[in-house]
Amino acid sequence: MTETSKPSSDSNSSGPGGAGNELPKQYKPADHEERIRARWDAAKAFHADPQRVLRGEAKPYCIVIPPPNVTDRLHLGHALNNTLQDVLARSHRMMGFETLWMAGTDHAGIATQAVVERRLKKEEGITRQQLGREKFVEKVQAFKDEYERIITDQLKLMGCSCDWDRQRFTMDDVCARAVREAFFRLFKDGLIYRGKRLVNWDPVLQTAVSDDECYDEEIDSSFYYLRYPLVHASRGTGLAAGEDPQPVAWNELARRGYPGAEQHPGEEQAWVTVATTRPETYLGDTAVAINPKDPRANSLRGLFVELPLVGRIIPVIEDDYVVLPAAMQADPEAAKSDPKAVFATGFLKVTPAHDPNDYEIGLRHKAAIEACGNPVMINMLAPDGSVSDKHGWTDVGDAHLFVGLPREKARKKVLEEFKVRTVDNSTVSLLAETKPYRHSVKHSDRSKAIIEPYLSDQWYVKVTDDRLAPAANRALVSDQRKSEQQSGKAAVGDGQLRFYPARYAKTYEQWHDGIRDWCISRQLWWGHRVPVWSFGFSQELLNNTPESHRAKCTTLFSQLSKVLHLTEDLHLQFLSDGLSASICAKTPRAERALAAVNALYSNEREELGDSFADILTTDVDWKTVAEFAYFIDDHLSQDTDVLDTWFSSALWPISTMGWPNPQLAGKGFEGLLQAFNPTATLCTAREIITLWVSRMVMFERYLMPVKWETEKTKPDALASLAENGQGRGPLPFKNVFIHAVIQDGEGRKMSKSLGNGLDPLDIISSHGSDAMRFTLCQMTTQTQDVRMPMVKDPTTGRNTSPKFDLGRNFSNKLWNAARFTMSMLSAAPSSPGHLDTSTPRHLSLIDRWMLSRLATANKEVNDSITNFEYSNYAQVMYDLLWRDFCDWYLEAIKPTIASDKSQQAVLRTTLDCILRLLHPIMPYVTEAIYEQIRLLQGAAIDGIKLGASRKGDLLCTAGWPDVQSSLRDEKSEAAFERARSLITAIREIRSQHAVQPKRRITVHAPAGLLDAQASALVQTLAGVEAISSDAPPAGAVGMAFESSQLHLGNLKDAAAAGDTGAERERLQKVISDNEKSIATLEGRLNNPGYALKAPPAMVKQTQDQLAKAKADKDAANAALAAL
RNA sequence: GGGCGGGUAGCUCAGUUGGCUAGAGCAUUCGCUUUACAUGCGAGAGGUCCAGGGUUCGAGUCCCUGCCUGCCCA
């Protein structure tokens, strides 16, 4: 503990000539990481050069980072995700691939907007509306800059070898161009459309949100039972103005055969009771539904109800979606377990604009509903969730007293009114009953508000089109297309997309099978604005028949785009209402052209002055432009919505490389797509399969040229291969690796609110970056969750985990192994040369063994990287370094290393290989050691190729080791194993006899039991003075080795000898252990089927084991007798 | 409701087409300042592989049923 850590400059200056032993005893990450990072930066070690690929000098390897959200700093899950990517990037870079790891961040529309809105409220007490769109977006931009910097710094501290010069952001100019292009192409091909649908509406943020942005939470609520009076109405025309509907009395219902009607006063108004948890939505009811199997259905056919206060007449319809009350079901007892049946009355209020199921029912009964003169959908809420008559209904009636109330207050008010009012001509209250009910309700992730199903205009991508989702499924490699295989059809696939682990291909495939059109609009301010301008048709146009007004509009539009020289950049689409159309503008210039149209709409050209001189140039026939403007009913209005974040994320693998136009993107983009697309591997978490992987595959296959993969090397390939993929284009990546989700020690998700999260920077400061990375790799098996027990450090107050001790200890072990190696080799400077390994005589047993282990490990590491088996990779390196190299090799060579030149070469080379093999997982400590060891001269070893560093003498660009399989040496491994098992056996006896560790004992064994080299190992590693064939002295302890009887002498001083109790006990345990083995093995051999059916080698092995167990037992018995 | 995982030592997890008497790290017990490392070294103890059935000479591993548990989708 007295050792002080040396500043980096000191260890840096320590040269080759014997200064290595000045390294501190403990590896202190903080002393090295910053300096190492600076060296990588200075050498531009991670900057990829696409030209090397295009010139054929190197094969490409590329990963695009799943861009972290700028919403928050990175957590441990990001650390895992990025470590795994870095391992791939670094290993492939060393293997000689021109490696590009594309970095960047995601604007994360709603998440970021919500965070900034909260901040604004807290710090300045204002809303975004008060600030205004432009100012607010500036605020978000500033926030993004802040977090982008934090995130980038975090990644750098983790050691990520991204190409930082190419870092992108999903909303920067380069990415924005890609978004525009993609939107335009899809729009033009009819795959983007506008539709009125029910969406998840967040009334606080006032935007549509996706299911992914919602969570379910149980709340205490109630079922309310509302009475609706039954009436007659003239079907088909509705009621004439002023005409009162005719009430239906109970006695009439009784005549119609309504069960139980006779129990009510015959002259009084009859009613039905609906059950609801959201009584305020009754304002939007357009029907009451009953199950056709309900015994009451017959007698109600053709009747209507009148909505209380509103006075709207709506039909009673029959739909088998309606749940029968428990008592009416075939098995009433069983139905009691279904809360819906328990609470049901059999009558369902149908509110198509405010409930997804009602929406479907409304569509099924469109005709019956419209026959009453009502639209199917009646929206009774404003976007802020208050009751409003401005968004879809006019028949407010007495319900005006609810208008303007927020939904919670409206609910209360509705209940109050229903309670005090009675059904007309009756004594019963409109509110029949209230029952407490606990149920799960959808909430918005971002605002925590209860989600309102809401009818609104949204933009959709028609992903159900064969060129999108089905094309994404066809991209799977055939052996991962389960559904095709199960249906017996030959797998029809054209792709090379492969998931690791394979089971996730199923998730991917099933998602596409059940996919619905993708709602891409969000009512937010932070994001890519929908590049569409809409207008209504003027009366002039509408005076024509529908067919000809469209034709006229088309003609005007095509003239317009021609005179503006924008035929390729503007596209017109009619909207389904038949009264309006939209124009998509591809470029900023096209956008300005539309602004010019707007200006002309209200001005003469002369009045515009020079403001549109760039658009309305002298060769533009402005009269054509003006004519178009004239046919617009109102000016062109730009859509205020922005696009779903995933729309831009989906383009990430190509937008970051300059698609659609690398020339416009800038100088650094030249050749990027050609060199690196398709990329190699996407590394991400499960939930991203549906959110992102799917969309990237769909978009890239749609947008990139069909012949890209075969013809991309042609000059200007993007422009010349004009044909869009249309579902047959290349993939964004070949492999998708799905890694685990990190949970806390109790299996819960890590989250801020639970306070169980781990900040990677806290781990780096307590354990070092390498320790974190090693531990994370070591945990990465094929499982889907990993647990990370978390503890709060009492001194720093920071969360950490004892799991990372593993990595820290391992770093330290490597450091000390290197320290020892340096001291050995510095003391005996060597000269370069060659070491022939082709014949054993040049190398001792332990050296041949070490090289053999190294060769095996090299292969296993290579295989592990290929198969994304990170845990295996880490484990192989752990065993190689700790068990093989430190525990056995370094200990074994201590007596000989100073004088054995060959051994020095093996030592130096082995450490060098270990550093290289370990570098992708632990880049800092390996680089720090490599600074020293590369300065040591040493003979090269035949059969081991260690390529030189390409940049700045850095390990990170040095060659990946190629330890050839010719160095694998089974004979040496077997000889070593024999020595090792004897050493272990001797150590065990020493320990049981409490022999002092330093005491040198003697072994008495038959002559020739071991050769000289093996004997030397035993002497060094088991504390043995000598192995002799002399008769053992009195008091020597017997032991069995193979089939020989051995004795250990000089275990204790004569005075201490004599106690045979411990020895007796030991021998008895040996005997009983062996007896157990003998029983097991004999049982197996006595099984008649075994010898018959098991492979002969297996039988032989069992026989050998049995023989050994018997010999060991006999030896122990003999020793026991000798006591 | 549909799909996918997990259940192996006190804890966290390996265990590749079925085949050494089921392994590692942490924790634990004993011994050790042995000269690279006490963030270390040597030795040990610790398991009805969730339960039941089946296939097999042989099952932690394959099949079926059930129980517990987690995640995704609707």
Side-chain angles (χ1 to χ4, degrees), chain A residues 1 20-21 23-28 211-212 356 482 501 503-504 506-507 509-511 513-516 686-687 689-690 740-741 743 745 747-749 767-768 771 775 778-779 781-789 801-824 863 867 869 871-872 874-875 878-879 882-883 886-887 890-891 894 983-984 986-999 1021-1023 1069 1073-1074 1076-1081 1083-1095 1097-1099 1101-1102 1104-1105 1109:
Chain A
M1 296 305 272
N21 53 4
L23 295 170
K25 267 173 94 167
Q26 286 190 339
Y27 174 63
K28 297 255 172 56
D211 285 338
D212 318 311
K482 288 262 168 42
R503 64 176 181 272
Y504 292 115
K506 208 169 173 180
T507 309
E509 207 179 6
Q510 287 175 348
W511 158 258
D513 289 341
I515 203 167
R516 289 180 298 178
R686 298 195 279 296
E687 73 267 21
I689 297 171
T690 53
V741 169
Q743 305 170 332
R748 300 172 304 183
K749 267 191 178 168
H767 289 75
T775 302
Q778 188 270 149
M779 293 171 74
T781 59
Q782 307 275 299
T783 185
Q784 59 180 19
D785 305 304
V786 291
R787 290 189 179 192
M788 176 71 73
S801 172
K803 278 250 175 188
F804 294 107
D805 292 353
L806 173 72
R808 184 198 52 189
N809 296 352
F810 189 59
S811 308
N812 192 56
K813 191 71 178 175
L814 175 62
W815 181 253
N816 276 292
R819 214 158 63 93
F820 177 71
T821 302
M822 296 296 295
S823 68
M824 289 299 146
D863 291 349
N867 297 314
E869 291 169 347
S871 179
N872 204 46
Q875 197 58 48
Y878 186 95
D879 289 341
W882 204 309
R883 299 290 160 237
C886 292
D887 287 355
L890 292 186
E891 293 302 327
K894 278 178 179 174
I983 291 162
T984 306
I986 295 171
R987 283 174 174 177
E988 187 182 337
I989 293 173
R990 289 182 63 124
S991 179
Q992 277 158 348
H993 287 262
V995 177
Q996 287 298 307
K998 277 184 190 163
R999 192 179 183 94
L1021 296 168
K1069 183 167 185 314
D1073 284 352
N1074 277 298
K1076 267 187 231 162
S1077 296
I1078 290 164
T1080 308
L1081 296 166
R1084 189 178 303 166
L1085 287 166
N1086 290 339
N1087 183 331
Y1090 185 66
L1092 225 61
K1093 297 191 181 176
M1098 191 70 58
V1099 179
Q1101 184 181 288
T1102 310
D1104 290 349
Q1105 283 167 358

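A, B, ... follow the sequence lines: proteins, then strands. Residue 1 opens every chain.
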Asks: Categorize Leu1092(A) for me: base, sugar-phosphate, or nothing, with a 4.0 angstrom heavy-atom threshold over every strand shown.
Replies: nothing

Asks: Starting at atom CG of Leu1081(A), determine the distance to atom C1' of rC20(B), rounded to an integer number of angstrom.
Replies: 9 Å

Asks: OP1 or OP2 of rC13(B) less than 4.0 angstrom from a side-chain nitrogen or oxygen of Thr781(A), does that happen here?
Replies: no

Asks: Which letter, B, S or -, goes with each nucleotide of nucleotides 40-46 of chain B from 5' to 3', with contact meaning a protein heavy atom under 4.0 Å?
Replies: SSSSSS-

Asks: Please pick, from rG25(B), rU34(B), rA36(B), the nucleotide with the shortest atom-to-atom distance to any side-chain atom of Lys998(A).
Replies: rU34(B)

Asks: Counting primed atoms plus P, OP1 and OP2 as sugar-phosphate and everything else as base, spell out the protein contacts along nucleotides 59-64 of chain B at 4.0 Å heavy-atom distance: B, S or - for each nucleotide, 5' to 3'.
Replies: ------

Asks: Nearest 0.5 Å, what's the CD-CG distance between Gln1105(A) and Leu1085(A)?
Replies: 9.0 Å

Asks: Grab the NE2-C1' distance between His767(A) and rU39(B) for me, whole Å please.
Replies: 9 Å

Asks: Applying a 3.5 Å limit to both distances, which nucleotide forms a Watson-Crick or G-U wobble pair with rU12(B)?
Replies: rA24(B)

Asks: From CZ of Phe804(A) over to P of rU12(B), roughly how many Å is that when rounded to an integer?
Replies: 16 Å

Asks: If you look at every heavy atom in Thr775(A) and Lys803(A), which pair is closest and at what distance?
Replies: CG2-O, 3.4 Å

Asks: Whole angstrom is fine here: how far is it from NE2 in His993(A) over to C1' in rC32(B)?
Replies: 18 Å

Asks: Does the side-chain contact (heavy atoms from CB on, under 4.5 Å) test come out yes or no for Arg686(A) and Thr507(A), once each step is laid out?
Replies: CA-CA 9 Å; Arg686(A) 298 195 279 296; Thr507(A) 309; over 6 Å; no

Asks: Tell me what Arg1084(A) touches on the nucleic acid: a base, only sugar-phosphate, or nothing, going by heavy atoms under 4.0 Å.
Replies: sugar-phosphate

Asks: When you compare rU12(B) with rG3(B), how far apart are their C1' atoms, in angstrom units rounded to a whole number?
Replies: 28 Å

Asks: Quick one: pull up CZ in Arg999(A) and CZ in Arg990(A) and give me the separation to the nearest 0.5 Å.
Replies: 9.0 Å

Asks: Shortest non-hydrogen contact from Met788(A) to Phe804(A)?
Replies: CE-CZ, 3.6 Å

Asks: Counting just side-chain N and O atoms, does Gln1105(A) come under 4.0 Å of either OP1 or OP2 of rU21(B)?
Replies: yes

Asks: Nearest 0.5 angstrom please: Asn1074(A) CG to Lys1069(A) NZ, how far?
Replies: 10.0 Å

Asks: Taking all heavy atoms of Lys813(A) and all of Trp882(A), pick out the closest pair and write down the distance.
Replies: CE-NE1, 3.5 Å

Asks: To the nearest Å, give me how far apart CE (Met788(A)) and P (rC26(B)) are.
Replies: 16 Å

Asks: Want to settle it: does Pro802(A) or Lys894(A) sit nearer the 5' end of RNA chain B, counting the closest nucleotide to each?
Replies: Pro802(A)

Asks: Between the side-chain atoms of Ser1077(A) and the base atoms of rU21(B), is any donor-acceptor pair under 3.5 Å?
Replies: yes

Asks: Tell me what Pro1088(A) touches on the nucleic acid: a base, only sugar-phosphate, or nothing, going by heavy atoms under 4.0 Å.
Replies: nothing

Asks: At what distance, to the nearest 0.5 angstrom, does CG of Asp1073(A) lie from CD1 of Ile1078(A)?
Replies: 11.0 Å

Asks: By nearest heavy atom, map Phe820(A) and Asn1087(A) onto RNA chain B; which one lands nearer the 5' end?
Replies: Phe820(A)

Asks: If we take the P atom in both rU65(B) and rA27(B), what is their distance in whole Å?
Replies: 43 Å

Asks: Which value, in whole Å, describes the distance between the P atoms of nucleotides rU48(B) and rG23(B)?
Replies: 15 Å

Asks: Tell me the partner of rA45(B), counting only Watson-Crick (N1-N3 plus N6-O4 or O6-N4) or G-U wobble (N1-O2 and O6-N3) with both under 3.5 Å; none if nothing fits.
Replies: none

Asks: What does the B/S/- profile of nucleotides 2-8 of chain B look like, 5' to 3', with a 4.0 Å heavy-atom cutoff to protein?
Replies: -SBB---

Asks: If you look at every strand shown and take non-hydrogen atoms under 4.0 Å, does Arg686(A) touch a base, only sugar-phosphate, or nothing?
Replies: sugar-phosphate

Asks: What does rA51(B) pair with, Watson-Crick or G-U, if both distances are under 3.5 Å?
Replies: rU65(B)

Asks: Could you state the atom-to-atom distance from CG of Asp863(A) to P of rU16(B) in whole Å?
Replies: 16 Å

Asks: Taking atom C1' in both rG60(B) and rU16(B), what distance in whole Å separates the two?
Replies: 14 Å

Asks: Would you indicate what Ala994(A) reaches in the nucleic acid, counting non-hydrogen atoms under 4.0 angstrom: base, sugar-phosphate, or nothing?
Replies: nothing

Asks: For nucleotides rG10(B) and rC72(B), find the distance between their P atoms and express it as a whole number of Å.
Replies: 31 Å

Asks: Can you name the closest pair of heavy atoms from Ser811(A) and Ala771(A) and give their distance?
Replies: OG-N, 4.1 Å

Asks: How far does CD1 of Ile983(A) sit from CZ of Arg987(A), to the nearest 0.5 angstrom?
Replies: 6.5 Å

Asks: Could you work out the separation of rC13(B) and rU8(B) based on their P atoms and round it to a whole Å?
Replies: 9 Å

Asks: Should we say atom CD of Gln996(A) is surrounded by more than 12 heavy atoms from elsewhere, each under 6.0 Å from it?
Replies: no

Asks: Does rG1(B) have a Watson-Crick or wobble partner in any strand here, with both distances under 3.5 angstrom, and which is it?
Replies: rC73(B)

Asks: In whole angstroms, how far is the C1' atom of rG19(B) from the CG atom of Leu1085(A)?
Replies: 13 Å

Asks: What distance, rounded to whole Å, do you find between the two P atoms, one in rG31(B) and one in rC37(B)?
Replies: 23 Å

Asks: Can you measure Asn867(A) atom CG to rA14(B) atom P for me and round it to whole angstrom units?
Replies: 17 Å

Asks: Answer yes or no: does a side-chain N or O of Lys803(A) lie under 4.0 Å from OP1 or OP2 of rC13(B)?
Replies: no

Asks: P atom, rU17(B) versus rG1(B): distance in rounded Å?
Replies: 34 Å

Asks: Are side-chain N/O atoms of Asn1087(A) and Arg1084(A) paired as donor and acceptor at under 3.5 Å?
Replies: no

Asks: Which listed nucleotide (rG19(B), rU34(B), rU12(B)) is nearest to the side chain of Pro997(A)?
Replies: rU34(B)

Asks: Of all the heavy-atom pairs spanning Glu891(A) and Leu1021(A), show the shortest one and how long it is.
Replies: CB-CD2, 3.5 Å

Asks: Supply the atom-to-atom distance Arg819(A) CZ to Tyr27(A) OH, rounded to the nearest 0.5 angstrom.
Replies: 14.5 Å

Asks: For Phe820(A), does its backbone N or O pair with a side-chain atom of Ser823(A) as donor and acceptor, under 3.5 Å?
Replies: yes

